[in-house]
Amino acid sequence: MKSINVKQAERLVKALAKAGPVTKVTLLTRKKDRQLTIKREGATLLIEERGYQIGKRSFELKDGQAKHALLQDFKREFPRSHQLYLHQEKD
């Protein structure tokens with residue numbers, strides 16, 4: 001896992017809602033107590049949270065709710081973080 005800036009991670013999360021080679025991204029805080037996993041399967045986006053809230057949700061990419069939910073979850077899980085650990089999986 002590599003460490004990246006929060007602004008880079010936010011751009012990566014926004015790009016994941018669009019088509020691209022990356023299919024799964026896991027973001028963790030430095031203490032690894034909060035995690036956000038985003039997985040794209042075809043036209044569906046799966047979001048798994050483990051931190052302030054615990055749960056799984058899925059969204060269709062064609063409507064705009066997926067991108068909005070991603071940013072909302074990102075800001076909820078990492079409100080004061082400056083650096084995150086990143087793990088990516090590609091096709």
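Not measured: the values here are computed from a predicted model.
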About how many Å separate [atom2] of [Y] and [atom1] of [X], when rounded to the nearest 0.5 Å?
X   : Y   : atom1 : atom2 : answer
L46 : F59 : CG    : CZ    : 10.0 Å
L70 : K14 : CG    : NZ    : 11.0 Å
L84 : R30 : CG    : CZ    : 9.0 Å
E89 : T26 : CD    : OG1   : 6.5 Å
I38 : D73 : CD1   : CG    : 8.0 Å
K39 : I47 : NZ    : CD1   : 14.0 Å

So, for [X] and [Y], which heavy atoms are closest and what is the spacing to 0.1 Å?
X   : Y   : value
L27 : F74 : CD1-CE1, 3.8 Å
R76 : Y52 : O-CD1, 3.1 Å
F78 : R34 : CE2-O, 4.0 Å
T44 : S58 : CG2-CB, 4.1 Å
E60 : A43 : OE1-O, 3.4 Å
Q35 : L28 : OE1-CD2, 4.0 Å

Next item on the list: Kindly check if the number of other-residue, nucleotide or ligand heavy atoms within 6.0 Å of CD (Q65) is above 12?
Entry: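 Open: at most 12 neighbouring heavy atoms sit under 6.0 Å from CD of Q65.
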
